[in-house]
2 protein chains.
Amino acid sequence: MGKQMTEMLKGTLEGIVLALLTGNPAYGYEITTLLRGQGFTEIAEGTVYALLVRIEQKGLVDVEKRPSEKGPPRKVYSLNEQGETELDEFWNTWSFLSERLEQLRKGGK
Amino acid sequence: MGKQMTEMLKGTLEGIVLALLTGNPAYGYEITTLLRGQGFTEIAEGTVYALLVRIEQKGLVDVEKRPSEKGPPRKVYSLNEQGETELDEFWNTWSFLSERLEQLRKGGK
DNA sequence: TACTGGTAGCTAGTAACACTAAGTAGTGAA
DNA sequence: TTCACTACTTAGTGTTACTAGCTACCAGTA
């Protein structure tokens with residue numbers, strides 16, 4: 001992946017995953033393939049799993065273990081109330097940054 | 001500053017500074033106050049100076065030392081050709097991320 | 001003189017995060 | 001048995017913004 005993208009994903013990837021989980025519980029492997037489908041073709045699996053561990057430890061998601069038909073048991077993550085609050089804050093932060101950057105791009109001030 | 005913002009600035013702050021420098025050479029202290037004026041009220045001075053050292057080492061800017069009327073000499077940074085290329089790539093990366101996120105925000109899987 | 005405050009730049013050490021690269025396990029098909 | 005796919009885990013690395021200091025120059029003031 002490009003170095004720029006790697007750095008830019010810091011702080012946003014968590015929000016992206018939280019957004020993917022809203023009203024749509026999913027497990028790690030699934031999230032990885034979802035991301036790939038969204039165009040994030042080069043996000044490493046290890047990155048996703050590490051992120052999931054983090055948001056679980058922060059208490060942003062609830063976890064349930066479910067057997068899989070074709071492999072080891074899945075850990076299904078669902079956004080909880082705290083996770084929704086965090087996601088709201090993420091969108092606020094994102095909006096701020098996004099607006100500044102769009103202004104800059106237009107050569108604004 | 002919020003932790004979210006801190007993380008989100010990784011990878012974008014460099015682009016922001018490069019954008020500020022297009023057609024508008026500036027020195028570190030000035031850039032800091034420019035950023036503050038743009039709403040980035042909590043960006044630490046040390047952060048800006050460290051970033052300037054980095055982009056200079058990467059060869060993205062040209063540097064010129066100029067005396068100041070009221071203090072130590074200024075180091076004036078101006079974007080060079082390589083810096084413009086880097087900035088173009090930055091905008092590409094940003095556009096990609098930005099589009100994905102806006103789609104996610106609209107609930108569009 | 002001494003002190004303060006604004007201007008201007010620098011640096012060592014830290015925390016957070018995405019990455020690489022490896023591994024373990026379960027299932028089914030060749 | 002070997003392979004491929006599914007599914008999760010972990011140790012170590014590089015990059016970046018941060019904190020918290022520091023040096024230095026100048027003007028005004030107590």
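Protein chains get the first letters and strands the later ones, always in sequence-line order, with residue 1 at the start of each. Both backbone and side-chain heavy atoms feed into the values below; hydrogens, waters and symmetry mates do not.
Here the nucleotide nearest the side chain of B:Pro72, chosen from D:dC18, C:dT7, D:dT15, is C:dT7. Side-chain atoms of A:Thr47 lie closest to C:dT20 of the nucleotides C:dT20, C:dA8, D:dT19. Checking D:dA7, C:dA16, C:dC19 against the side-chain heavy atoms of B:Glu7 singles out C:dA16 as nearest. Distances were taken from every side-chain heavy atom of A:Ala44 (C-beta onward) to each of D:dT15, C:dA8, C:dT20; the shortest belongs to C:dT20.
Heavy-atom contacts from other residues, nucleotides or ligands closer than 6.0 Å to NZ of B:Lys3 number 12 or fewer.
Taking the side chain as every heavy atom from C-beta outward, B:Tyr77 and B:Glu30 never approach each other to under 4.5 Å. Counting only heavy atoms from C-beta outward, the side chains of A:Met8 and B:Phe90 approach each other to under 4.5 Å. Inter-residue side-chain proximity for B:Glu86 and A:Gln4 is flagged as met; some heavy-atom pair is nearer than 4.5 Å.
Look at CZ on B:Phe40: it is 11 Å from P on D:dC18, rounded to the nearest Å. Look at CG on B:Leu35: it is 16 Å from C1' on C:dA8, rounded to the nearest Å. Residue A:Gln4 contributes atom CD, which lies 15 Å from atom C1' of C:dA18 at whole-angstrom precision. Rounding to whole angstrom units, NZ of residue B:Lys65 and P of D:dC25 are separated by 12 Å. Rounded to whole Å, atom P of C:dA21 lies 13 Å from atom CD of A:Glu42. Per the geometry, CD belonging to B:Glu45 stands 12 Å off P belonging to C:dG6, to the nearest Å. Look at CZ on A:Arg54: it is 14 Å from P on D:dT9, rounded to the nearest Å. Distance OH (B:Tyr77) to C1' (C:dA8): 11 Å, rounded to an integer number of Å.
For the OP1/OP2 pair of C:dG9 and a distance below 4.0 Å, the side-chain nitrogens and oxygens of B:Tyr27 include no atom meeting the criterion. Taking side-chain N and O atoms only, B:Tyr49 has no distance below 4.0 Å to OP1 or OP2 of C:dC10. B:Lys75 has a side-chain polar atom (N or O) that falls below the 4.0 Å cut-off from OP1 or OP2 of C:dC10. Between B:Tyr29 and the phosphate of C:dG9, there is no side-chain N or O to OP1/OP2 separation shorter than 4.0 Å. For D:dA17, the OP1/OP2 oxygens have no side-chain nitrogen or oxygen of B:Thr6 closer than 4.0 Å.
Between A:Trp94 and B:Trp94, the two ring planes are parallel [angle under 30°; tilted spans 30° to 60°].
For C:dA16, the base has a donor-acceptor partner in the side chain of B:Lys10 [N/O atoms by modelled type, under 3.5 angstrom].
How far CD1 of A:Ile16 is from CG of B:Leu101: 4.5 Å, rounded to the nearest 0.5 Å.
With hydrogens and angles left out, the side-chain atoms of B:Arg100 and A:Thr12 include no donor and acceptor closer than 3.5 Å. In this structure, a donor-acceptor pair under 3.5 Å is present between the side chains of B:Ser95 and A:Arg105.
Residue-to-nucleotide proximity on DNA chain C shows that, of A:Thr12 and A:Glu69, the 5′-proximal contact is made by A:Thr12. Residue order along DNA chain C, read from the 5' end via each residue's closest nucleotide, puts A:Ala50 first among A:Ala50 and A:Gly71.
Counting any heavy atom pair closer than 4.0 Å across all strands shown, B:Gly46 reaches a base atom. Across all strands, A:Glu30 comes closer than 4.0 Å to no nucleic acid atom at all (heavy-atom distances). Looking at heavy-atom distances under 4.0 Å, B:Ser68 makes contact with sugar-phosphate atoms alone, never a base. Among the heavy atoms of the strands, none lies under 4.0 Å from A:Leu52.
Between A:Arg74 and A:Glu69 there is a salt bridge, with a side-chain nitrogen of the basic residue lying less than 4.0 Å from a carboxylate oxygen of the acidic one.
Less than 4.0 Å separates DNA chain C from no heavy atom of any residue of residues 80-100 of chain A.
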